[in-house]
There are 2 protein chains.
Amino acid sequence: MKFKRKNATINHYDFVLSQYYMELKEAKTLKDLAKITGFTESTISRTLNGIGTKYRISKDTQKKIIEAAKEADFSFNENARGLRLKKTLTIGFIVPDISNSFFAKMASLVEREARFHKYAIFLCDSDNSTEVEKSSITLLQKRKVDGIIVCPIGLESEHLVKLYKETPLVLVDRYFPQIDIPFVTSNDVLDSYKVVQHLISKGHRNIACIQGVEHTSQNDMRIEGYKKALKDNDIAFDPKLLIGNSFSEENGYNAAQQIIGMPKTKRPTAIFSLSSIITLGALKSFTEAGLKIPEDFSIVSFDEQEYSALLATPLTTIGQPKEEMGTKAFKMLLDQMDSEKKKNLKQKGVLLPTQLNFRDSIKAL
Amino acid sequence: MKFKRKNATINHYDFVLSQYYMELKEAKTLKDLAKITGFTESTISRTLNGIGTKYRISKDTQKKIIEAAKEADFSFNENARGLRLKKTLTIGFIVPDISNSFFAKMASLVEREARFHKYAIFLCDSDNSTEVEKSSITLLQKRKVDGIIVCPIGLESEHLVKLYKETPLVLVDRYFPQIDIPFVTSNDVLDSYKVVQHLISKGHRNIACIQGVEHTSQNDMRIEGYKKALKDNDIAFDPKLLIGNSFSEENGYNAAQQIIGMPKTKRPTAIFSLSSIITLGALKSFTEAGLKIPEDFSIVSFDEQEYSALLATPLTTIGQPKEEMGTKAFKMLLDQMDSEKKKNLKQKGVLLPTQLNFRDSIKAL
DNA sequence: TAATTTTGAACAAACGATTGTTCAAATATA
DNA sequence: TATATTTGAACAATCGTTTGTTCAAAATTA
């Protein structure tokens, strides 16, 4: 193997013994490699990017360059490349709380898809705050991500509308029905209806609902199913039985306390909890009060978890396809990022079906 | 407000009405801003970076620039900046499985610390594979992250040693006792000892241990405590009671099956499970077999979860300070990245204490 | 008024890569 | 042999910032 160096040529033997070999080991950039091998940066760049032949770089030269790059354990600076190409091969993923297994599970699949497609992923936790959500978006834009997946807090949307004008964007979990941004979530109406219908068929007519954040799409869908089931069975909706205001354990705990405190005659016999975290809080409250499921209260919960079937009383749950949502979200984003398709791409929202798991937490009255 | 434009000056009124105002709204880069305001990129850069006065840029000029930047909703391209500054304000975080709530909880705090310190964070899931772990490291290096936090798979370390020579690095959860890379994890020996000691004090002498990946630091520490407790009570360690080979639900399930299948006389009366995921698998197996905790088996588990107290039988657990580990890890990384301190920084590993939660899953014999 | 100092901002190179274009040498053709 | 063509790689501009240096104009001093 021979390497050219300004007006000089040395053979491989000399090369290995020479200082150049040591230099090669230190080569970090195209410039370094150029200096050492004697070829220019453009030649090296083209070779290593696999377009050498197209630019008539000889097989011989290419071989030398590839060997040198291997020897140097060379890899491109993706920042510089992103700057030049105006494409960074990165995406952003914003979740309200990564420690919540719901979002962690989705993150797992988003990450896997991203990895598979050579994208790196910036994780942003918006800490259940729209302000942080906004600043996370700014952060991602400064880093010139190619696209963003957001699980929005769900109360404001203007900043997302603005974002969508500038960057490929997919919303997951929550979305804004009246706004034209692609989203993927689960269709919670149907199984909410079914599960409440089931409670009613077991003789329950006084059914409380512990909700999360009001007027978020998920909350609305679940309540829609709940209300429809009541209505179809001629049960008047009682606003006093719609309790709570956040998807938190604390909210579940407090709501349960409130329910426990109701006069026995008016006390609900069943509870429809809109998230697994809320349910854990409620269960904690009941446990502390010495109340049993389903003897004292029947309960059904949104969000299936690994432990749902293993709790003191195995829980009836509605499971969402978190993994599928993560996968689908990345694929939709990829479609947007793919400049070919982008032109006349008209994406809409996707509603995936949920799954019902009937277990022992419901008592027949 | 007046803006200079090559040999011309216009007042604010004209400006707003003019095309320049529209241009300003479109300004994305320093160059755009320079063209519009008439100042050079260096002047604008210095002003917006707060070092304008130091470089004798007049108050008047600075004010104009700042206003224009605000009007344009200007923000720097952090990739270009990172290229020039050789500091990207990004870190990488590699976990074996982000859908595992143990790592998700840590991620939550790592992210929070990073956000607080203006760092963006690349999330990499190594999928419990050393190969993926290695390629994740390569990915992060190509992106020129300022530092990396790794929760290693735990079997190989050479690539981490190599990495540590080039990039600030902190290991979390698992580490390599014989290798000099800073780490933060919990000291699992002590509470493992205590909890097994407790089992013994309740009359158990035949105690199985369902382990995770052999020869990982966490597994070793936990078994060390287990063995020491046995020894201190003159109970011979029986290798047949050390079962399993991964931190997975499947492993827990299979190990439990194996235990169930043992002849009654030799069957352990208690089980020490080395992770919550393993425990869930084991519980599933017991539930399917109609076996009860603690009637048929006493069980203690590593890793406290929100649901631990709410399971069919509230679990006795050893809780690790995941959040604190995340926070501490980032801080240690920050110290390494801080070039001032870096010089004579000699970091060692940190072992945080665990916490014991005694609950009903242990029967006195 | 002339010389000196201060002020204010422009100039230009660099970070590491990509890419359209140029251009000399080698080969083919007339 | 003279000309035309092909081959192979170099050259130079660019992406968006930062920063050491230069330099004219204004202000100060002698």
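Because the structure is predicted, anything quoted here is derived from the model rather than measured.
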Next item on the list: Side chain of B:Arg84 only, please: which of D:dG16, C:dG8, C:dT18 is the nearest?
Entry: D:dG16

Next item on the list: Using atom CD1 of A:Ile51 as one end and atom C1' of C:dA17 as the other, report the distance to the nearest whole Å.
Entry: 12 Å

Notebook entry, point to check: If each of B:Thr43 and B:Leu83 is mapped to the nucleotide of DNA chain C with the nearest heavy atom, which maps nearer the 5' terminus, i.e. the 5' end?
Noted result: B:Thr43

Checklist line | A:Lys87 atom NZ, neighbour heavy-atom count above 12 within 6.0 Å | finding: yes

Notebook entry, point to check: Contact class for B:Glu41 (heavy atom, under 4.0 Å): base, sugar-phosphate, or nothing?
Noted result: base

Note to self: Please pick, from D:dT19, D:dG8, C:dG20, the nucleotide with the shortest atom-to-atom distance to any side-chain atom of B:Arg46.
What the structure shows: D:dT19

Next item on the list: Would you indicate, yes or no, if C:dT18 has its OP1 or OP2 atom less than 4.0 angstrom from a side-chain nitrogen or oxygen of A:Lys86?
Entry: no

Next item on the list: Using only heavy-atom distances, decide whether a donor-acceptor pair under 3.5 angstrom links the side-chain of A:Arg81 to the base of D:dG16.
Entry: no

Next item on the list: May I ask you to say what B:Leu30 touches in the nucleic acid, namely base, sugar-phosphate or nothing, with a heavy-atom cut-off under 4.0 Å?
Entry: base

Next item on the list: Output yes when at least one side-chain N/O atom of B:Tyr55 is less than 4.0 Å from OP1 or OP2 of C:dT7, else no.
Entry: no

Check: What integer distance in Å separates A:Leu33:CG from C:dT18:P?
Finding: 12 Å

Margin query: Tell me whether the side-chain N/O atoms of B:Thr40 come closer than 4.0 Å to OP1 or OP2 in C:dA9.
Written below: no

Margin query: Counting only side-chain heavy atoms from C-beta out, which of C:dC15, D:dA9, D:dG16 sits nearest to A:Lys31?
Written below: C:dC15

Notebook entry, point to check: To the nearest Å, how far apart are A:Phe76 CZ and D:dC15 P?
Noted result: 20 Å

Next item on the list: Report yes if the distance between the aromatic ring centroids of A:Phe93 and A:Phe122 is under 6.0 Å, otherwise no.
Entry: no

Check: Rounded to the Å, how far apart are A:Ile65 CD1 and D:dG8 C1'?
Finding: 11 Å

Note to self: By nearest atom, which of the nucleotides D:dT17, C:dT19, D:dT18 is closest to the B:Asn49 side chain?
What the structure shows: D:dT18

Checklist line | Whole-Å distance separating the NZ atom of B:Lys35 from the P atom of D:dT17 | finding: 13 Å

Note to self: Rounded to whole Å, please give me the gap between CZ in B:Arg56 and C1' in D:dT22.
What the structure shows: 11 Å

Next item on the list: Taking the side chain as every heavy atom from C-beta outward, state whether A:Asn77 and B:Lys144 have any atom pair closer than 4.5 Å.
Entry: yes

Margin query: Using OP1 and OP2 only, check whether a side-chain N or O of B:Lys59 sits under 4.0 Å from C:dG8.
Written below: no

Note to self: Quick one, B:Arg112 and A:Asp125 - any side-chain contact, counting heavy atoms below 4.5 Å?
What the structure shows: no

Margin query: Rounded to whole Å, how long is the line connecting atom CD1 of A:Ile57 with atom P of D:dG8?
Written below: 10 Å

Notebook entry, point to check: Separation of B:Lys87 atom NZ from D:dT18 atom P, in whole Å?
Noted result: 14 Å

Notebook entry, point to check: Considering only side-chain heavy atoms of B:Ser45, which listed nucleotide, C:dG8, D:dA9, D:dT18, is closest?
Noted result: D:dT18

Check: What about B:Ser42, does its side chain sit under 3.5 Å from the base of C:dC11 through a donor-acceptor pair?
Finding: yes

Check: Mind checking whether B:Phe330 and B:Tyr119 have parallel, tilted or perpendicular rings, split at 30° and 60°?
Finding: perpendicular

Margin query: Whether A:Glu111 and A:Arg115 form a salt bridge (side-chain N of Lys/Arg under 4.0 Å from carboxylate O of Asp/Glu) is what I want to check.
Written below: yes

